[in-house]
Structure formats: structure tokens, C-alpha cells
Engineer: 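Quick one: the structure is below, questions incoming.
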Amino acid sequence: MNKLVLIDGNSIAYRAFFALPLLNNKKGVYTNAVYGFTTMLLKVLEEENPSHLLVAFDAGKTTFRHETFKEYKSGRQKTPGELSEQLPLMRELLEAFDIAYTEVKNYEADDIIGTLASKAEKEGWDVKIYSGDKDLLQLVSEKTSVALTKKGITNVETYTPEAMQERYGFEPARIVDMKGLMGDSSDNIPGVPGVGEKTALKLLHEFGTIEKVLDSIDQISGKKMKERLEENKEQAMMSKQLAVIETNAPLTVTIEDAARKGYNTDKIIALFKELEFESLLNKFDTEEEASQELEEIHFTTVEKEVTQEMLASPSALIVEVPSENYHEADIWGISIVNESGAYYISTEAALASDAFKVWAADPKQEKYMADTKRAVVALGWKGIELAGVTHDILIASYLIDPSAGSHQVADIAERNAQKKIDSDDAVFGKGAKRGRPDEDKLSEHLVRKGLAIFELKNVLEKKLKENEQFELFKDLELPLSLILGKMEKTGITVDTDQLKAMGEELTGRLQTLEKEIHELAGTEFNINSPKQLGPILFEKLGLPPLKKTKTGYSTSADVLEKLADQHEIIPKLLLYRQVSKLQSTYVEGLLKVVHEDTHKIHTMFNQALTQTGRLSSTEPNLQNIPIRLEEGRKIRKAFTSSDKGWSILAADYSQIELRVLAHIAGDEGLLEAFRNEMDVHTKTAMDVFHVKEEDVTGNMRRSAKAVNFGIVYGISDYGLSQSLSIPRKEAQEFIDRYLASYPKVRDYMDSIKEQAREYGYVTTLLNRRRYLPEITSSNFNRRSFAERTAMNTPIQGTAADIIKKAMVDVTHALEEKQLESRMLLQVHDELIFEVPEHELKEMEALVPDVMARTMKLDVPLKADVSYGDTWYDAK
DNA sequence: GCGTTCACGC
DNA sequence: GACGTACGTGAACGCA
């Protein structure tokens with residue numbers, strides 16, 4: 001059976017354009033709409049596998065509809081230039097795919113689709129239409145279905161006559177009646193003023209068609225509504241007429257012209273390459289990838305003895321640790337590149353060589369690396385010291401542009417030197433397929449990476465200096481990477497018996513809760529599945545669904561909390577969620593990663609990931625161990641010191657972000673609060689609500705705290721309204737009052753946005769940089785997000801700068817004073833140590849002092865400190 | 001394997 | 001009208 005797919009080209013392009021960030025290729029050509037259109041096209045080809053396929057485009061500005069109504073589509077914002085320049089590219093793409101497309105003067109894409117669909121139906125074909133425009137729904141029939149884009153581009157909702165009935169309660173042809181009543185502001189179709197979707201549906205359900213509605217005006221309730229309908233009879237009829245899709249447009253193409261042909265892979269690859277659609281290329285470019293374009297290289301393979309000649313300074317050094325987790329990990333091989341040559345050294349040869357070990361540990365022997373921490377930790381586990389690293393391209397690349405998705409050698413090379421080398425994934429395979437390649441392939445790849453580093457070092461160093469980021473790189477991030485490596489390798493001791501005991505208790509409670517919940521629900525189901533839980537709460541038990549997700553009902557905690565007193569099951573569900581989170585993520589999750597013999601956990605800090613300069617922590621994440629609820633906080637009892645008689649000491653910055661804000665903005669009110677060591681949320685409440693300290697109520701302080709939180713994290717009025725459960729308008733009022741109270745903060749917010757628009761990026765106190773290309777976006781949401789980011793990043797990023805510097809300073813202080821205490825963790829504004837008893841008093845004074853003095857701001861920095869036997873007790 | 005939903009921290 | 005709202009990581013589910 002023939003199957004014709006018709007795509008509304010302009011509509012899909014429009015959707016794609018707004019759904020995706022403004023991508024462009026190296027030549028500066030915008031590609032996001034073409035990209036989105038392409039992904040949609042590929043999905044259609046794969047899922048529908050149609051025998052016939054055609055893309056319809058709108059032609060020109062005027063259509064036959066303008067004869068009926070000359071204002072048709074007037075007032076519509078003109079298509080952004082960034083989008084219109086992509087339309088020709090879409091045609092190029094369709095030609096490469098050898099897919100039919102057409103446009104017809106005086107007609108819209110809708111009419112072409114309507115005409116072809118009607119012809120195909122008459123031939124008995126199946127038809128499917130893809131668009132973002134609801135008008136097309138009038139074409140739905142037993143033979144024709146319409147897929148409307150929902151969210152993004154490839155996420156569609158398909159309408160059949162049954163689905164129409166379910167959604168609208170009427171047959172497809174009534175869509176035009178609905179539009180006749182409602183109008184359509186985007187097409188400038190007037191309809192009947194005051195009638196929206198709800199009223200239109202009500203009227204149509206009652207009377208059937210627009211004509212019948214207008215014939216029965218006297219039966220309609222509401223004086224105002226009667227008047228409106230009476231006054232706008234003609235306008236309504238005209239609006240309906242405008243909405244009707246022409247199914248007999250004069251076409252030059254026939255449905256047979258839409259027959260699919262095989263496409264030309266070479267053309268597609270060439271176009272994808274030009275547009276830089278890397279991810280899509282893989283689908284077509286299976287064989288070609290290989291090393292054919294790579295430059296020729298020469299190197300020496302060392303299986304036995306490492307000679308002095310190979311160990312020059314400076315050298316690029318690759319220590320290949322291929323597994324994601326580098327603790328106690330295999331090293332596949334080593335390469336060294338320097339003035340004397342390029343060498344691949346087998347791991348065995350290197351580790352057996354005293355010369356190599358001495359060179360590696362010699363701080364005077366300069367090394368350039370990519371991901372120093374990975375190598376330092378992996379070598380550290382094998383008892384080999386590494387020092388003298390003076391450049392790390394991973395860190396340099398991250399500082400130059402944290403938003404660059406990958407900082408792998410191959411990607412850095414491509415971005416910064418147009419130098420082509422294979423990615424690790426291409427050489428080693430990824431996921432389940434990853435494995436050690438044969439020795440020739442491995443050695444060549446490692447040497448290529450070494451050569452790339454040797455070249456890239458100069459390029460990146462130059463960029464860092466241009467950006468005034470060289471000090472940030474050299475004095476902060478590079479030393480920090482070694483410090484982090486040491487912390488990771490040291491690890492933190494976990495009392496597994498304690499964890500296991502907690503696990504058993506939690507299991508018991510979960511079983512009881514599960515039984516109770518099933519009884520209250522009257523049926524057994526998987527409580528962990530929102531998909532199963534939703535229908536039970538909102539259908540079976542009849543609770544009101546307050547929020548929806550794209551796949552069904554939302555059952556998140558904030559929804560459940562609002563329903564807490566409506567059904568006994570709700571508090572039990574909330575408790576179940578809380579307990580099962582503790583069980584799965586924290587008890588079971590942590591036990592899985594505790595080292596059997598040492599009882600230690602070794603996390604990995606990612607130093608080159610966040611857009612703000614913060615660290616992140618994985619396998620496990622030790623930056624989100626529970627603290628707010630007592631129940632969860634007990635997990636911290638399992639984190640202990642590694643030696644008897646030692647303590648866990650924690651020091652955390654007090655309100656570091658707000659202090660940074662006070663400093664950057666120079667706002668007297670805020671500065672005063674900190675200089676006088678006031679409770680900053682109370683102070684904010686006083687200033688925002690214009691009351692005396694003693695008149696600040698709990699609620700005022702709570703609101704003030706939420707606003708401060710919002711300022712620190714850059715949330716929107718929407719975000720604030722969510723956190724305070726108040727209408728968005730009130731949230732906006734809070735923000736306005738805040739800014740009125742702190743005028744210098746308002747000035748800062750304005751000037752930082754201006755700076756972002758002018759330079760395209762914002763910076764922190766230590767010149768960390770974040771680019772914000774969307775600050776000039778014509779899309780409100782994109783632009784707003786970029787603006788909030790512009791305001792927030794200097795605050796959060798400077799706070800990150802400060803604690804990172806404190807870590808370097810503390811490390812130096814520990815060395816200088818020859819203390820045995822060890823730094824174990826960083827949690828954004830907090831440092832955790834293990835401390836022997838005889839150093840406790842000294843550390844208690846030293847750490848907060850170093851933290852406070854690490855940077856001089858216009859406000860004092862303050863750190864609080866505490867200690868105890870476990871992390872729990874350090875409170 | 002991958003996307004979605006939920007929940008933890010700052 | 002689009003559209004989705006601070007940043008991260010991880011677990012479980014359910015689809016492919």
C-alpha cells in the first residue's frame with residue numbers, strides 16, 4: 001500500500017528555529033532550523049518509511065486569502081533573518097536527499113498539502129501530515145492522520161478522527177468553525193472578540209457548526225455574548241472561510257512525483273560536513289572516518305629501556321588511563337614528545353625504569369599534559385610520583401571556554417588549531433565496545449595526542465594571556481588540580497557496618513510503608529513508577545491533578561505536599577520517597593563504591609565541567625550527601641576519620657555569595673549588614689519591608705531568604721513564585737522591592753547585562769569567563785535566561801574562585817607548618833578535613849583564618865568551623 | 001542504551 | 001505564539 005507523507009516545511013522550520021539554540025557553523029551561517037528540520041526528516045524516514053514524501057513551502061507574501069481579507073497575516077512579525085537565510089539550505093538538503101518539494105504562487109503550504117492529501121486519499125493511499133499548525137487538523141480522516149509538533153521538534157502528537165474526538169469532542173471538519181469563532185491572532189484572523197477556545201468549544205458542542213450557532217443566537221446565554229455574536233456575524237463567517245484549506249489548488253506536481261528515490265550519500269555527507277552536523281554525520285559516514293586525512297608521523301616505540309634522551313624538558317606527556325574511573329585503573333601506555341623526538345613507551349617499560357620515575361617526579365622537568373589529575377592519581381596508585389606539570393590543555397581549554405562541550409584532546413585540537421586527530425572514542429570504541437586496540441594503533445594514537453599537546457600548549461597559552469587568564473590558570477587551577485588529585489587518592493573513610501545497619505532499618509520501614517500504601521490504594525503497584533502512581537492518585541483515588549508532565553501527571557514532592565491533607569496515602573508516599581532515596585542512593589549507592597580493604601571512598605572531582613567554575617563530584621557524588629532533614633543527615637555518621645583518635649573538621653564560608661554580591665555591587669545596605677555581622681536574611685526583610693529588626697516576622701524573613709536565594713542562583717520570578725508558592729506577579733513584586741532597597745545591586749544587574757551584550761561574555765573576580773551568545777536572542781526566554789546567567793555567574797563564579805584559592809592557600813599553610821591534617825572534600829562553600837588530635841586546636845584556628853584572608857574584599861569573608869568524630873558531628 | 005521523572009546538595 | 005526557567009549527579013522506570 002502506498003503511503004504519502006506531507007511535511008509543512010515552513011512550519012517545521014519555524015518550530016525548529018525557536019526550539020533550538022542559535023547554532024552556526026564556522027562560516028557564521030545559522031544552522032539550527034536546518035538541523036532541527038533534518039532530525040525531523042530522518043525520524044520520519046525511519047519511522048514512517050513512506051513510499052511517497054513531499055515537503056510543501058509557502059510562496060511569497062500574498063495569497064488568494066488576501067482577496068477575501070486584505071489584512072490577512074498582517075501585523076505578523078517578520079521572519080527573523082537568522083531563519084530566512086536557512087530556507088535555501090533546507091532546499092539544498094532536500095535535493096541531496098532527492099526528496100520532492102514544491103511551492104505554489106498565491107497558495108500556502110497548507111493548500112498544497114490539502115490538495116495532495118485529497119488526491120492520495122481518492123487513490124486509497126494512507127496519508128500522514130507533519131506540521132506545527134493546528135489548522136491542518138481539518139484534514140484528518142480515516143485515511144489521513146496529522147502529526148503536530150508538541151515540544152521540541154521530533155516530539156509529535158498524532159491525530160486520528162478518534163484522537164480529535166477525544167481532544168476536541170468533534171469531527172475534524174469543525175476545526176474551521178472553531179477558528180471562525182476564536183480567530184487566530186498570529187494570522188490576524190479576527191473571529192469573534194471575547195471568544196476563546198473554551199467558549200468556542202462549548203458553542204460548537206451545543207450547536208454543531210458556526211452557521212447553526214449564528215442562527216441560534218437567541219438561545220445563547222449571556223447578554224454580552226449575544227451582542228458580540230450578533231455584531232460579528234459576518235466577521236465570523238469570513239474568519240471561517242479564511243481557515244478553510246483549499247483541496248483543489250492548481251499544482252504542478254502530482255502525487256506520483258513524490259515517489260521516493262534512493263538518495264545520494266556523498267551529497268548528504270558533503271552538506272552535513274559544511275553545516276557541521278557532526279552527530280548526524282555518523283549515521284551516513286560509517287566507513288570514511290578513519291585516519292586517512294591524518295598527517296604522517298614518525299616515532300620510536302620503546303619496549304625495553306627508556307633512555308635519557310627521551311626524557312627531556314619540556315615534554316608533552318600522555319599517560320593513557322582509558323577507563324572512566326581512574327582510581328586503581330589500568331594504564332595502557334605512555335607517550336612522550338619533545339625536541340628530541342616522539343616516543344611511545346609501554347607501561348611496563350616505563351614503570352620498570354628508574355630513569356623514567358626520577359624524571360616524572362622531578363619538578364624541574366617540565367611536562368605538558370591533558371588531564372593531569374587523571375594521570376597523577378592513576379600513577380599515584382602505582383606508587384609513582386608526578387611533578388613539574390606546567391601546562392594542562394584540559395584546564396586551559398575549559399578556562400578559555402567552559403561551554404565547549406568536550407575538552408578531549410581531539411576536540412581541543414580541532415577547535416584551536418584545526419588539527420585533525422582521532423578521538424579516543426573512535427580509536428578505543430565507546431560503551432560496551434571499548435577495548436584496547438592493537439599495539440600499532442594504540443602507540444600511534446598516543447603519540448598523535450602527545451604531538452597535539454606539544455602544539456596546543458602554545459596556542460592555548462597565548463589565548464589565556466589574551467584573556468588575562470594566565471594567572472588564573474597557572475596560580476590557581478593548575479595547582480588545584482594536583483590538590484584535588486591528592487584529596488581523591490586520600491579518600492574518606494566510611495563505616496560500612498554503620499551504613500549496613502541503617503540499610504536494614506530502612507528496608508524494614510520501606511516494607512511497612514509499601515504495604516500501607518498498597519492497602520490505601522486498594523491495589524498493588526510499583527510505587528517507584530510515576531507512570532503507575534499517577535493514575536492511581538488522580539483517577540482511582542480522585543485527587544486533583546495540579547500539574548502535568550509531558551508524559552502524564554506530575555507526582556513530584558511539591559505537588560504531593562499540596563495534597564497532603566486530602567488523603568492519608570500522600571504523607572506515606574512522601575515518606576516512602578524520602579526513605580527509598582536514602583536507601584538506594586545513599587546506603588546502597590555508597591556501599592557499592594566503598595573500597596573493600598581500606599573502607600574508603602574515592603570520589604572524582606570534575607574540574608572542567610560547570611559553566612560557573614564550581615567543581616562537581618562523581619562516583620560517588622560527595623557534594624550532595626543529605627543534611628537538611630535529620631533522617632538523611634544521619635548518613636553523615638558513616639563518614640569518619642581514617643585513623644583512631646583523628647577527627648573530622650568542617651569549615652564553611654558564611655553567606656559567601658551574598659558577600660561577593662555586596663562587594664561587586666558596592667551596595668551600602670548590604671555592606672553594612674556584613675560589617676555588622678547581622679543576620680543577612682533578617683536585614684533583607686528589614687530593608688524590603690521597611691520594618692525595624694524587632695518587627696520582622698518569620699514569614700518576612702522566609703520571603704527575604706527566598707529572594708536572597710534567588711539572587712544567588714539567578715532564578716526567575718517564576719522560580720521564586722514556585723519556591724514561595726505565591727503567584728508570579730507577587731514574586732516579581734518582591735524582586736522589584738528588593739532592587740529598590742538595594743539600588744547599587746540594581747545598577748550592577750543593569751551594567752552586567754550591558755557588559756554581556758557588549759563583550760559577549762561576563763567574568764568573575766579572577767577572570768573566569770562565561771560566554772552568553774543568547775543575550776541578544778530575539779527569543780524572550782532565551783534572552784531572559786542569558787540575562788539571569790549574566791547576573792548570577794560573576795557571583796557564583798567569584799565564590800568558586802575564592803574557595804578554590806582558599807584550598808591552595810590552606811594546602812600551602814599545611815605544608816609550611818608541616819601538619820599531618822588532610823583535606824578530604826570540597827562542597828562548594830565548605831572544606832572537610834581529617835585532623836589528628838594534637839592538631840585540632842591549631843586547625844580550628846588556622847583553616848577559617850586562611851579561608852577568610854584568601855581574598856580581600858570590601859566585606860569581610862567569614863568561615864565557621866566545627867569538628868567531631870564523624871562528618872555528622874562536625875556541625 | 002536512552003530519555004524521563006524524581007530527589008539530594010549548594 | 002513560540003517556551004521554560006540556578007547548577008550539578010544519580011537511581012529507577014520504561015521504551016527501544
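Only a predicted model underlies this, so the values are computations on that prediction, with no experimental measurement involved. We name chains A, B, ... by the order of the sequence lines, and we start the count at 1 in each one.
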Engineer: For a quick check, with a 4.0 angstrom heavy-atom cut-off, what is the B/S/- contact string for nucleotides 5-10 of chain B, read 5' to 3'?
Structural biologist: SSBBSB

Engineer: Determine, step by step, whether A/Val494 and A/Leu499 satisfy the side-chain contact (heavy atoms from CB on, under 4.5 Å) criterion, reporting the C-alpha distance in whole Å, the side-chain angles of both residues, the deciding distance to 0.1 Å, and the verdict.
Structural biologist: CA-CA 8 Å; A/Val494 168; A/Leu499 267 189; 3.7 Å; yes

Engineer: To the nearest angstrom, how far is A/Phe525 atom CZ from C/dC13 atom P?
Structural biologist: 13 Å

Engineer: C/dG4 P sits how many Å from A/Glu787 CD, rounded?
Structural biologist: 18 Å

Engineer: When the distance from CG of A/Asp184 to C1' of C/dG1 is rounded to whole Å, what number comes out?
Structural biologist: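 From A/Asp184 CG to C/dG1 C1': 9 Å.
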
Engineer: Filter on salt bridge (Lys or Arg N to Asp or Glu O under 4.0 Å), then keep only pairs touching residues 574-593 of chain A, sequence neighbours left out; what's left?
Structural biologist: none

Engineer: Which residue pairs satisfy the salt bridge (Lys or Arg N to Asp or Glu O under 4.0 Å) criterion with at least one member in residues 776-796 of chain A, sequence neighbours excluded?
Structural biologist: A/Arg757-A/Glu787, A/Glu774-A/Arg782

Engineer: Does a side-chain N or O from A/Gln532 land closer than 4.0 Å to OP1 or OP2 of C/dG14, or not?
Structural biologist: yes

Engineer: Quick one: label A/Ser716 by what it contacts on the DNA or RNA (base, sugar-phosphate, nothing), any heavy atom closer than 4.0 Å.
Structural biologist: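 Base contact - A/Ser716 has a heavy atom under 4.0 Å of at least one base atom.
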
Engineer: From CZ of A/Phe785 over to P of C/dG4, roughly how many Å is that when rounded to an integer?
Structural biologist: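 From A/Phe785 CZ to C/dG4 P: 12 Å.
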
Engineer: Sequence neighbours excluded, which residues qualify as ring pair (Phe, Tyr, Trp, His ring centres under 6.0 Å) partners of A/Phe525?
Structural biologist: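 Only A/His518 meet the ring pair (Phe, Tyr, Trp, His ring centres under 6.0 Å) criterion with A/Phe525.
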
Engineer: What residues, two or more places apart in sequence or in another chain, satisfy salt bridge (charged side-chain N to carboxylate O under 4.0 Å, His left out) together with A/Glu108?
Structural biologist: A/Arg65, A/Lys73

Engineer: What's the gap between B/dC10 and C/dT5 when it is taken at their P atoms, as a whole Å value?
Structural biologist: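 After rounding to an integer number of Å, I get 23 Å for this pair.
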
Engineer: Could you give the distance separating C/dG4 and B/dT4 at their P atoms, to the nearest angstrom?
Structural biologist: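 The answer is 11 Å between these two P atoms.
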
Engineer: Starting at CG of A/Leu622 and ending at C1' of C/dG8, how long is that distance when rounded to a whole Å?
Structural biologist: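 Those two atoms, CG and C1', are 14 Å apart.
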
Engineer: To the nearest angstrom, how far is A/Arg728 atom CZ from C/dG4 atom C1'?
Structural biologist: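 Checked: the CZ to C1' distance equals 9 Å.
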
Engineer: Please state whether the phosphate of C/dC15, meaning OP1 or OP2, lies under 4.0 angstrom from any side-chain nitrogen or oxygen of A/Lys531.
Structural biologist: yes

Engineer: Report yes if at least one side-chain N or O of A/Asn606 is closer than 4.0 Å to OP1 or OP2 of C/dG8; otherwise report no.
Structural biologist: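 Checking A/Asn606 against C/dG8: no side-chain N or O falls below 4.0 Å of OP1 or OP2.
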
Engineer: Looking at residues at least two apart in the chain, or sitting in another chain, which of them share a ring pair (Phe, Tyr, Trp, His ring centres under 6.0 Å) with A/Tyr326?
Structural biologist: none

Engineer: Quick one: label A/Asn526 by what it contacts on the DNA or RNA (base, sugar-phosphate, nothing), any heavy atom closer than 4.0 Å.
Structural biologist: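 Sugar-phosphate, no base atom in range.
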
Engineer: Which stems, defined as runs of 3 or more consecutive Watson-Crick or G-U wobble pairs with both pairing distances under 3.5 Å, involve DNA chain B?
Structural biologist: B:1-9 with C:7-15

Engineer: Applying a 4.0 Å non-hydrogen cut-off, can you work out what A/Ser617 is touching in the nucleic acid: base, sugar-phosphate, or nothing?
Structural biologist: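 Result for A/Ser617 = sugar-phosphate.
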
Engineer: By the 4.0 Å heavy-atom rule, please label A/Gln722 as base, sugar-phosphate, or nothing.
Structural biologist: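 Result for A/Gln722 = nothing.
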
Engineer: Provide the distance between the two P atoms, one in B/dC8 and one in C/dA2, to the nearest whole Å.
Structural biologist: 33 Å

Engineer: Distance check needed: C/dG1 C1' versus A/Leu83 CG, whole Å only.
Structural biologist: 15 Å

Engineer: Please name all residues satisfying salt bridge (charged side-chain N to carboxylate O under 4.0 Å, His left out) with A/Glu524, sequence neighbours left out, ordered by chain then number.
Structural biologist: none

Engineer: Nearest-Å distance, CG (A/Asn792) to P (C/dC7)?
Structural biologist: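 Result: 8 Å.
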
Engineer: Apply salt bridge (charged side-chain N to carboxylate O under 4.0 Å, His left out) to A/Lys531 and list each qualifying residue two or more places apart in sequence or on a separate chain.
Structural biologist: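 Listed in chain order: nothing, the list is empty.
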
Engineer: With a 6.0 Å cut-off on the ring centroids, do A/Tyr713 and A/Phe709 count as close?
Structural biologist: yes

Engineer: Within the structure shown, what part of the strands sits under 4.0 Å from A/Tyr718 by heavy-atom distance: base, sugar-phosphate, or nothing?
Structural biologist: base

Engineer: Check A/Glu631 with A/Arg509, please: is the shortest side-chain N to carboxylate O separation under 4.0 Å?
Structural biologist: yes

